[in-house]
Every structure is written in structure tokens, then in C-alpha cells.
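The chains referred to below are lettered A, B, ... by the order of the sequence lines, with proteins before strands, and numbering in each begins at 1.
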Number of protein chains: 4
Amino acid sequence: MAGYSGSKQEHAMRLRRIEGQIRGLQRMVDEDKYCIDILTQVSAATSALKSFSLSLLEEHLAHCVAEAAQKGGPEAEAKVKEASDAIARLVRS
Amino acid sequence: MAGYSGSKQEHAMRLRRIEGQIRGLQRMVDEDKYCIDILTQVSAATSALKSFSLSLLEEHLAHCVAEAAQKGGPEAEAKVKEASDAIARLVRS
Amino acid sequence: MAGYSGSKQEHAMRLRRIEGQIRGLQRMVDEDKYCIDILTQVSAATSALKSFSLSLLEEHLAHCVAEAAQKGGPEAEAKVKEASDAIARLVRS
Amino acid sequence: MAGYSGSKQEHAMRLRRIEGQIRGLQRMVDEDKYCIDILTQVSAATSALKSFSLSLLEEHLAHCVAEAAQKGGPEAEAKVKEASDAIARLVRS
């Protein structure tokens with residue numbers, strides 16, 4: 001079971017909304033909309049993706065990482081390292 | 001005519017690929033994939049969106065802003081201000 | 001003359017303030033302050049650096065890039081390319 | 001004792017280097033250096049600040065958050081929430 005199983009529906013809905021934003025961007029390019037208006041939409045989609053990943057990450061820390069920490073040992077350390085690497089990718093993406 | 005009309009096909013293709021990445025994310029959530037693997041995909045989609053917006057912005061500077069600068073006057077200033085605001089939204093999104 | 005010569009004093013002041021924030025961070029580490037409080041200060045310093053670069057960039061577009069655009073030719077194109085590369089580094093840093 | 005006490009010297013050294021970068025920026029502005037070269041330096045300083053915060057965050061997860069998780073209860077939840085909020089500020093700064 002995934003750490004985010006409690007909010008699966010919410011995540012699915014967020015991603016559908018982001019998919020709608022990307023399709024909106026395709027329409028804008030197709031209809032030769034003004035560059036700046038497209039860029040504003042891209043910023044909105046990027047922010048939505050970041051919010052999604054931050055909420056997923058919080059659940060991951062609260063479930064997967066916390067459970068590993070309770071058991072302790074090398075697996076706990078590996079989970080913290082793995083989460084830190086994901087945070088670094090997120091911060092730099 | 002939009003400043004990006006020369007690369008409309010390329011932009012459309014990029015956006016379709018990003019749409020595919022978002023749909024892939026929906027599938028991953030639906031199949032209870034591991035949080036970290038989902039986060040890696042989100043970082044990839046975010047990077048792709050940023051690359052799209054950077055290439056759109058470069059065309060905007062090369063066409064719309066440069067043409068306004070050639071005419072000069074308050075419209076040129078307004079175009080620079082508008083582009084700078086879009087860059088700020090991008091940097092902070 | 002640099003494109004930002006009109007606001008040199010303002011830039012110098014901003015950078016001195018950022019230097020103060022970095023020195024504050026050194027003090028916090030030295031006094032074993034709580035990690036989260038240090039991270040909050042790092043976010044503030046990062047935001048201040050981004051604001052500084054966005055205002056520098058706006059002046060660069062308004063002066064150096066706009067002047068090159070008025071002359072036109074390969075130098076104008078080179079200036080737009082150079083600015084776009086700097087924006088990309090900023091967005092990804 | 002702070003979660004980062006094991007690498008206090010390393011953190012202090014990193015921050016001194018960042019302070020040096022900020023002072024270098026002040027010199028560049030003072031000597032009217034070219035905008036683009038200043039922007040390149042700002043990107044480098046921003047990246048250095050992000051690396052510092054990511055290493056601090058990893059230690060925080062490995063010590064403070066993991067220890068709270070071992071005890072469990074509302075304090076563990078509070079620590080995860082606090083770390084997630086710090087990550088969100090970092091991602092958005």
C-alpha cells in the first residue's frame with residue numbers, strides 16, 4: 001500500500017486538473033495566443049505540479065520514512081537518503 | 001502572428017509529450033506506485049515545462065520585445081516591463 | 001557604463017543586506033540554532049538574491065538588450081541569446 | 001545539541017564561501033561589471049545556498065525527525081509537518 005493511499009482521489013483530481021492546464025496550453029499555441037499569456041499559464045501549471053509533489057512528499061515522510069525510522073537500522077538511513085535525494089531533485093527542477 | 005510561429009510544431013510536440021507525462025503520473029497514482037518514483041516523474045515534467053517556457057521566452061525577446069525596442073518610446077518600455085514580470089513569475093513558480 | 005548605473009546605490013545596499021543575512025546564518029550555525037530556523041533564513045536569503053537578479057535583469061533588458069535591438073543585426077541576436085541563457089541559469093539555480 | 005552538530009565546521013566553511021561570493025558581487029557592482037557576468041555569479045551563489053540548505057535538511061530528517069518518529073505520537077506528526085513546511089518554503093524560494 002502506498003503512503004498516499006488515504007488521499008488517492010485528491011491526487012487523481014489534482015493531476016486531471018493539471019492535464020487540463022497542459023491541454024489548455026496546447027490550444028493556446030494552436031490559436032497563436034500571445035506569448036506572455038502562455039507563459040502565465042505555464043507558471044500556473046508549474047506551481048500546481050510543485051504543490052502536488054509537496055503534498056505527496058509530506059505523506060511519504062509521515063508514513064514511509066516515519067515507519068522506517070521506527071524500525072531503525074540501515075533501512076531507516078536509506079529511506080532518509082532516498083527522500084533527501086528526491087527533495088534535491090524537486091528543489092532543482 | 002505570434003512570436004513563436006516559426007516553431008509552433010515543435011512547441012505542440014513538446015506539450016503533447018508533457019501531457020503524456022502527466023497522464024503517466026495519473027496511472028502511477030492509480031496503480032499505487034512508490035511515492036519516490038512518482039516524485040521523480042514530477043521533477044521530469046516540471047523540468048520539461050521550464051524548458052518549454054524558456055524557449056518560448058527566448059522567441060518572445062527575439063521578436064516581440066526586439067521589434068518594440070526598434071520603435072522605441074513608451075511601448076518599448078512596456079514590453080520590457082511585461083517580459084520582466086513574466087520572467088519573475090517563472091523564476092518564482 | 002553598465003546598464004544598471006542608475007540604481008547602483010540600491011543594488012549595493014541590497015547586497016550588503018544579503019551579506020548581513022549570510023553572516024546571520026554563520027552566527028546561527030555557530031550557536032547551534034534549530035535547523036528549521038536556519039532553513040527559514042536560507043529561504044529568505046535565496047529570495048533576496050532572486051529579487052536582486054530579477055531587478056538587474058530588467059535593467060539589462062531595458063538598456064543593453066534594447067539598444068542592441070535598435071541597431072539590429074547579428075549583435076542584437078547575440079544579446080538576446082546571451083540574456084536568454086542567463087535567464088535559464090537563473091530559473092534552474 | 002543541533003541535528004547538524006557533526007558537520008558544523010563544514011557548514012561554517014560553506015557559509016564563509018557564500019559570504020565571499022556576496023562580497024564579490026558587491027565588488028562587481030562597484031566596478032560596473034557587465035550585468036550578465038553579475039547574473040552568472042548570482043546563480044552560483046543561489047546554487048550554493050540551495051546545496052547548503054539541502055545538506056542541512058538531510059541531517060534534520062536523519063536526526064530530529066527520525067528521533068521524533070521513534071517516539072511516535074503527536075510530536076512526531078508535528079515534526080513531519082514542520083519539516084514539510086520548510087521544504088515547501090525552500091522549493092518556492
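Comparing B:Ala83, B:Cys35, B:Ser53 by heavy-atom pairs within less than 4.5 Å of chain A, the highest count is held by B:Cys35. Considering only heavy-atom pairs separated by less than 4.5 Å from chain A, the leading option among B:Val29, B:Leu56, B:Leu57, B:Val42 is B:Val29. If you tally non-hydrogen atom pairs under 4.5 Å between each of A:His11, A:Gln21, A:Arg16 and chain B, the highest count goes to A:Arg16. Counting heavy-atom pairs closer than 4.5 Å to chain B, the top residue among A:Tyr4, A:Tyr34, A:Phe52 is A:Tyr4. Chain A forms more heavy-atom pairs under 4.5 Å with one residue of B:Ile38, B:Ile36, B:Ile22 than with any other, namely B:Ile36. Comparing A:His63, A:Lys50, A:Glu59 by heavy-atom pairs within less than 4.5 Å of chain B, the highest count is held by A:Lys50.
A 6.0 Å sphere centred on CD of B:Glu75 holds no more than 12 heavy atoms belonging to other residues, nucleotides or ligands. Around CD of A:Gln9, the count of heavy atoms belonging to other residues, nucleotides or ligands within 6.0 Å does not exceed 12.
Contacts of B:Arg92 with chain A are absent, with no heavy-atom separation under 4.5 Å from either backbone or side chain. Neither the backbone nor the side chain of A:Arg14 comes within less than 4.5 Å of any heavy atom in chain B. Residue contact with chain A, scored on non-hydrogen atoms closer than 4.5 Å, involves the backbone and the side chain of B:Lys8 alike. Neither the backbone nor the side chain of A:Met13 comes within contact range of chain B; no heavy atom of the residue lies under 4.5 Å from a heavy atom of that chain.
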Worked check of side chain to side chain contact (heavy atoms under 4.5 Å, CB included) between B:Arg89 and A:Thr40: CA-CA 7 Å; B:Arg89 280 193 298 275; A:Thr40 303; 3.1 Å; yes
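A salt bridge links A:Lys81 with A:Asp85: at least one charged nitrogen is closer than 4.0 Å to a carboxylate oxygen. The pair A:Glu19-A:Arg23 meets the salt-bridge criterion, since a charged nitrogen lies less than 4.0 angstrom from a carboxylate oxygen.
Residues A:Leu90 and A:Leu54 are in side-chain contact: their nearest non-hydrogen atoms beyond the backbone lie under 4.5 Å apart.
Using modelled atom types, no side-chain atom of A:Ser47 and backbone atom of A:Ala44 make a donor-acceptor pair closer than 3.5 Å.
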